[in-house]
Amino acid sequence: MKLSEQWLREWVNPKLDVHALAEQLTLAGLEVESVDPVAGQFNQVVVGHIKGVEPHPDPKVSRLQICQVDVGSSDLLTIVCGAPNARAGLKVAVACVGATLPNDMRIKEAKLRGVVSQGMLCSQSELGLTKESEGILELPLDAPIGKDLRDYLQLDDHAIDVHLTPNRGDCLSVKGLARDLAALTGSPLLAHAIPNSTPDITDQLPITIKSAEDCSRYCARIIRGINPHAQTPIWMVERLRRSGFRAIYPVVDVTNYVLLELGQPLHAFDLSRLDSEIIVRRAKKDEKLVLLDGKEVSLDKETLVIADKTQAQAIAGVMGGLDSSVSTQTTDVLLESAFFNPTVLAGRARHYGLNSESAYRFERGVDPDLASQAIERATQLLLEIVGGKSGPVLESQSVLAKQTAITLSQTRVKKLLGITLTEADIEGILQRLGMVFSKHTHEENSWQVTPPSWRFDIHKEADLIEELARVHGYPNIPETLPCATLHFKGNTESKLPLNRVRQLLVDRDYHEAITYSFTSPQLQHSIDPQQTPFTLVNPISSELSVMRSSLWPGLLNAARYNQKRQQSRVRLFETGLCFQTVQEALSQNPLLAGIAMGDSAAEQWGLVKKPIDFFSVKSDIEALLRLTGQLIDTHFIPTSHPALHPGQSAELIQGEKVLGYFGALHPKLLMELDLIGPVYLFELSLSKMTQSTLPCFEPFSKFPLVRRDISFWIEETFSAQAILEQVKKDAGDWLNDTYLFDVYHDKEKEQGKRSLALALLWQHPSRTLVDTEVDDLLKKVIQGLQQRFTIQLRE
C-alpha cells in the first residue's frame with residue numbers, strides 16, 4: 001500500500017523525519033519497502049496561462065504551435081510547443097528560462113525553426129510526476145498564475161510504500177496506519193470528525209439481504225442531481241496519484257479516496273440503471289455478469305452478488321458491473337457501503353482472474369463499524385465536489401460478531417518476553433492500541449482485555465503479548481541467553497537419521513530438490529489416475545490447484561525445466577509429504593523419490609559415454625536398502641504402473657507390504673512432458689527407509705572358501721532373483737554367498753532362452769570343507785534348479 005507522507009502527517013505527526021518514520025514502522029512489523037519523492041527535482045517551474053495559440057510559420061513542422069503564455073510577469077512569454085493538447089485558456093506548468101528539470105535538464109532561450117522560445121510547457125513525465133504521459137500537464141482553471149508549481153501542488157512530499165502481512169488488514173488505510181503509528185510513537189492521533197449529512201430528500205431503495213451470514217451490514221444512500229461535468233479537485237487527484245491510483249471521474253475518485261483514507265471499500269451505482277431494489281444474495285448457477293473492465297464472467301453458486309430485481313449488478317466486495325456503473329452522463333447515484341464476511345470473499349477475485357483493491361481489503365477483514373462512517377465521509381466529499389441532494393442512509397443489519405475478552409497475565413508477559421513491564425506500561429500500551437481493559441477480578445496482576453473491532457488478528461493472550469513487545473519496541477528488549485534445562489534424547493541404532501539417507505544419495509551424484517506440495521490436476525491424473533486428489537479452495541494458480549499424491553510430478557517438472565536449459569544429465573531426489581485418501585480420510589505419507597536421466601556419468605576423457613539404464617538406477621536403490629540393512633528382505637518384482645514403462649517397471653516388496661515403485665517413465669508421459677528419454681523414477685516409503693536393522697556381530701571363519709561355478713540355459717521368462725532364491729534354499733547353511741556373474745545369448749540357440757552363470761561360495765565356520773561335501777551340495781542345487789526351472793547345463 002502506498003500513501004503520501006503529508007497525508008499521513010495530517011492524522012499523526014511524530015517528531016521524526018520520513019526515513020526515521022519508515023524505520024519505526026518497519027521495526028514494528030509494518031515493513032516499508034521504499035520511500036520515494038512524489039516528483040522529480042526541479043525549480044523555476046510556475047503556473048502559466050496560455051493566452052493565445054497560433055501555428056508555426058514553417059509548414060514542415062505543422063505539429064508545432066506558438067503559444068503566448070502569461071506567467072505573472074509584465075510581458076507574455078513566447079513558447080514553441082508540440083503537445084497536441086496545447087490550447088488557449090489552458091493553465092499549464094511553465095519551465096522558465098534558467099529552470100532545471102529532472103535528469104539535469106536546463107531550460108535556455110532557443111530558436112526552434114526560426115522562432116524564439118522563452119521556456120517550456122511541461123508534461124507530467126518531464127517533471128517526474130509519472131513515468132509516461134501524453135501531452136502537457138493541465139492544471140485547474142483556478143490555479144494562481146505565477147505560483148511556484150512545487151508549492152501549488154505541495155510536491156515536497158514522499159510516497160511511502162508499506163508491505164503489510166495478511167493479518168494486518170487494519171493498516172490498509174491512512175487512518176489505520178496513523179492509528180498504529182500513534183501507538184508506536186506516543187504521538188496524538190489527530191481527530192477528523194465526520195459530520196452526518198442532513199437528508200435533503202426522502203428517496204430510498206429497499207434492501208433485502210438473503211444471505212445474512214455473508215453480509216451482516218449493508219448501508220445505502222441515494223444522491224440525486226449531481227453535476228456530471230464536475231472535475232475532481234487537484235488535491236484529491238494528487239493524493240490518489242501518490243497512492244498509485246489514477247483519477248477517473250469524481251464519483252469513482254471519491255470512493256477510492258475514502259477507501260485509502262478510512263480503509264472501507266465503497267461502490268457507486270448509477271441509480272437510473274437499477275431495478276426497484278437491492279438484493280444481497282448468492283449467485284445463480286451460470287449467471288452472467290459483465291464487469292467494469294468489460295470482461296464477462298459466468299458466476300457460480302459460491303459467489304456473493306449485489307443484484308436488483310432483474311439481475312446481478314456486482315460481485316460483492318470485488319468489482320461492480322458495467323451496466324450499472326457511473327459515467328459522465330450519471331446524475332443520480334446509489335452509494336453502497338457494507339461489511340462482507342472475509343471467508344466468503346476469500347479467493348473470489350482470483351477465481352475469476354480479477355484483482356481489486358476492495359477484494360484485497362475484504363479478504364483480510366474490514367472493521368464492521370466503518371460502513372456508516374465511510375458512507376457519511378463519501379457523501380460529504382461528493383456534495384462538495386459534484387453537488388446534489390442526499391437522502392437518508394438505509395441500513396440493513398444482522399447480529400455483528402463481537403470481540404471476546406482475553407485474560408492477560410503480567411507473569412505470562414515476563415515469561416514470554418523476558419523483561420518486566422510495569423502495570424502502567426502495559427495499560428498505557430493497551431490504551432494506545434484502542435483496547436478496552438479492566439483489572440481481572442479473580443487473578444492478581446491480570447487484566448480482561450477486549451480488542452477493538454478493527455483488530456481481527458488478536459484472539460489469545462500470546463497475540464496481546466506480541467502487541468506489547470511490538471509497541472514497547474523490539475530494540476528495547478535486551479539480548480539474553482536462553483536459560484532452560486535440556487534433556488538430550490538418545491539415538492537408537494534402529495532409527496537411521498534422514499540426513500544420512502540424503503547424504504548417501506548426494507554421494508551417488510544426486511541433487512536434492514524441494515518442490516511445491518501442490519501440482520497440476522492433469523499431471524497428477526496422468527501419474528496417479530486411481531487417486532482422487534485433494535483440490536485446493538484457494539490455489540495460487542490453476543496449474544497448482546491439487547495436493548500431490550506422489551513426489552514424481554514436482555521432480556518431472558524440475559527435470560523438464562533443467563532439460564530445456566541444456567542440462568541433459570539430471571539426477572534429483574526429494575523427501576516430503578504426499579496426500580492421499582484412505583477410507584475417505586486424509587492420509588499424509590512421507591515419501592522419498594528420485595529421478596535420473598542423461599548419461600550414467602559426467603562427461604570425461606577416462607570413461608566411454610554411456611546413457612543411464614535400468615540397472616544403474618537399481619544399484620542406487622540397492623545402496624539405500626543396503627544402508628538400512630533391508631536389501632536381503634526386499635524383492636524387485638515386475639509390475640505395471642500408470643506412470644511407468646510396461647516391461648521396465650518393478651515394485652519393491654518386503655514380506656507382504658509394498659515398499660515402493662521403480663522404473664522407466666511411460667513413453668506417453670515422455671511425449672506429453674516433451675522430455676528426452678529415457679527417464680527413470682523411483683519412489684519409496686520414507687518411514688521404511690529410516691528404519692535400520694540392528695547390527696549383530698558374527699565371528700569370521702578362519703577356513704578357506706570353496707567356490708563352484710555353474711552355467712545353464714534357461715527360459716528368459718524366469719528372473720535371476722527367483723533362481724538365486726532357489727539356490728539359497730538348496731545350498732545349505734554353509735553357503736557364504738552366491739551371485740550372477742554372466743548372461744549370454746546365442747543367436748543360433750532357440751529363441752526365448754539365455755545362459756546364466758552363477759558363482760556359489762561355501763565356507764564352514766569351524767573346519768575345512770572337503771570336495772565330496774561341496775560336490776553333494778552342488779548336486780542338490782542343480783537338481784532343485786532342474787525340477788523347478790527345467791534348466792539345461794552347459795558343457
Side-chain angles (χ1 to χ4, degrees), residues 505 509-536 539-576 578-580 591-603 609-621 636-652 658 660-684 716:
L505 287 169
D509 210 14
Y510 284 80
H511 290 83
E512 185 172 11
I514 300 174
T515 64
Y516 284 120
S517 297
F518 23 83
T519 185
S520 158
Q522 295 78 16
L523 183 56
Q524 171 67 35
H525 179 74
S526 298
I527 290 174
D528 195 0
Q530 298 175 348
Q531 185 69 230
T532 302
F534 287 90
T535 303
L536 296 173
I540 59 176
S541 76
S542 60
E543 292 299 312
L544 298 168
S545 59
V546 299
M547 300 302 291
R548 66 188 180 192
S549 65
S550 166
L551 296 174
W552 286 348
L555 290 175
L556 284 167
N557 282 327
R560 179 174 58 176
Y561 182 90
N562 279 273
Q563 197 175 79
K564 288 183 179 296
R565 284 153 184 81
Q566 301 176 326
Q567 300 299 314
S568 59
R569 184 174 184 269
V570 178
R571 296 166 74 89
L572 301 172
F573 78 93
E574 182 176 11
T575 60
C578 290
F579 307 86
Q580 299 172 347
L591 298 178
L592 163 66
I595 187 170
M597 56 198 294
D599 294 337
S600 59
E603 187 176 6
K609 192 173 182 181
K610 176 186 174 184
I612 198 168
D613 59 20
F614 183 92
F615 297 102
S616 299
V617 182
K618 182 172 180 279
S619 68
D620 296 330
I621 301 172
F636 290 79
I637 307 299
T639 189
S640 61
H641 189 284
L644 299 180
H645 193 301
Q648 295 189 51
S649 57
E651 61 182 356
L652 282 71
V658 177
Y661 294 91
F662 154 62
L665 184 65
H666 199 289
K668 182 181 177 182
L669 276 172
L670 272 176
M671 294 181 61
E672 287 180 5
L673 296 172
D674 195 22
L675 283 167
I676 301 172
V679 176
Y680 293 94
L681 299 161
F682 64 86
E683 187 168 66
L684 310 171
E716 290 184 343

Are side-chain heavy atoms of Phe579 and Ser517 found at a separation under 4.5 Å?
-> yes
Does Ser616 reach the main-chain N or O of Ile612 with its side chain, forming a donor-acceptor pair under 3.5 Å?
-> no
Taking the side chain as C-beta and beyond, is there a heavy-atom pair between Glu512 and Thr575 under 4.5 Å?
-> yes
Do the side chains of Phe682 and Tyr661 get nearer than 4.5 Å, heavy atoms only?
-> no
Take Gln563 and Ser568, measure what side-chain hydrogen bond (donor to acceptor under 3.5 Å, both in side chains) needs, and give me the verdict at the end.
-> CA-CA 5 Å; Gln563 197 175 79; Ser568 59; over 6 Å; no
So, the side chain of Asp599 versus the backbone of Ala601: is there a donor-acceptor pair under 3.5 Å, distance only?
-> no
Check whether any side-chain heavy atom of Pro533 sits under 4.5 Å from a side-chain heavy atom of Pro521, and report yes or no.
-> no
If you draw a 6.0 Å radius around CD1 in Ile676, do more than 12 non-hydrogen atoms from other residues or ligands fall strictly inside?
-> no
Hey, is NE2 on His641 packed in by over 12 heavy atoms from elsewhere, all under 6.0 Å?
-> yes
Heavy atoms only: give me the nearest Pro529-Ser526 pair and the separation to one decimal.
-> CD-O, 4.1 Å
Mind checking the CH2-SG spacing from Trp552 to Cys578? Nearest 0.5 Å is all I need.
-> 10.5 Å
Distance in Å, Arg548 CZ paired with Leu555 CG, rounded so as to fall on 0.5 Å steps = 8.5 Å
Using a strict cut-off of less than 4.0 Å between a Lys/Arg side-chain nitrogen and an Asp/Glu carboxylate oxygen, indicate whether Arg560 and Glu672 qualify as a salt bridge.
-> no
Taking all atoms of both residues into account, what is the closest heavy-atom pair of Val546 and Gln524, and its distance?
-> CG2-CB, 4.1 Å
Are Val617 and Leu681 side-chain neighbours, meaning at least one heavy-atom pair lies under 4.5 Å?
-> no
Ser549 side chain to Gln580 backbone, donor-acceptor under 3.5 Å | no
Do other residues, nucleotides or ligands put more than 12 heavy atoms under 6.0 Å from the CD atom of Glu603?
-> no
Within the distance-only criterion (no hydrogens, no angle test), does the side chain of Arg569 pair as donor or acceptor with the backbone N or O of Met597 below 3.5 angstrom?
-> no
Is there a side-chain contact between Glu683 and Ser550 (heavy atoms, below 4.5 Å)?
-> yes
Report yes or no: is the cationic atom of Lys618 (NZ for Lys, CZ for Arg) closer than 6.0 Å to the six-membered ring centre of Phe662, at no more than 45° off its axis?
-> no
Please report the shortest heavy-atom distance between Asp674 and Lys564, naming the atom on each side.
-> OD2-NZ, 3.1 Å
Calculate, to the nearest 0.5 Å, the distance between atoms OG and CZ belonging to Ser649 and Phe636 respectively.
-> 13.0 Å
Nearest heavy atoms of Ile595 and Tyr510, plus distance in Å | O-CE2, 3.8 Å
Side chains of Leu544 and Ser541: closer than 4.5 Å at any heavy-atom pair?
-> yes
Would you check, one step at a time, whether the test side chain to side chain contact (heavy atoms under 4.5 Å, CB included) holds for Leu675 with Leu669?
-> CA-CA 8 Å; Leu675 283 167; Leu669 276 172; over 6 Å; no
CG/Leu684 to CG/Leu652 distance, rounded to the nearest 0.5 angstrom?
-> 6.0 Å
Taking Glu574 for the side chain and Thr515 for the main chain, is one N or O donor matched with an acceptor at less than 3.5 Å?
-> yes
Taking all atoms of both residues into account, what is the closest heavy-atom pair of Thr639 and Ala650, and its distance?
-> CG2-C, 3.5 Å
Please round to the nearest 0.5 Å and tell me the distance separating atom OG of Ser520 and atom CD1 of Ile527.
-> 9.5 Å
Distance-minimising heavy-atom pair for Ala558 and Leu572 = CB-CD1, 3.8 Å
Reported OG-to-NE2 distance for the pair Ser640 and His645, which is rounded to 0.5 angstrom = 13.0 Å
Has Arg571 got its NZ or CZ under 6.0 Å from the middle of the six-membered ring of Phe573, at an angle within 45 degrees of the ring axis?
-> no
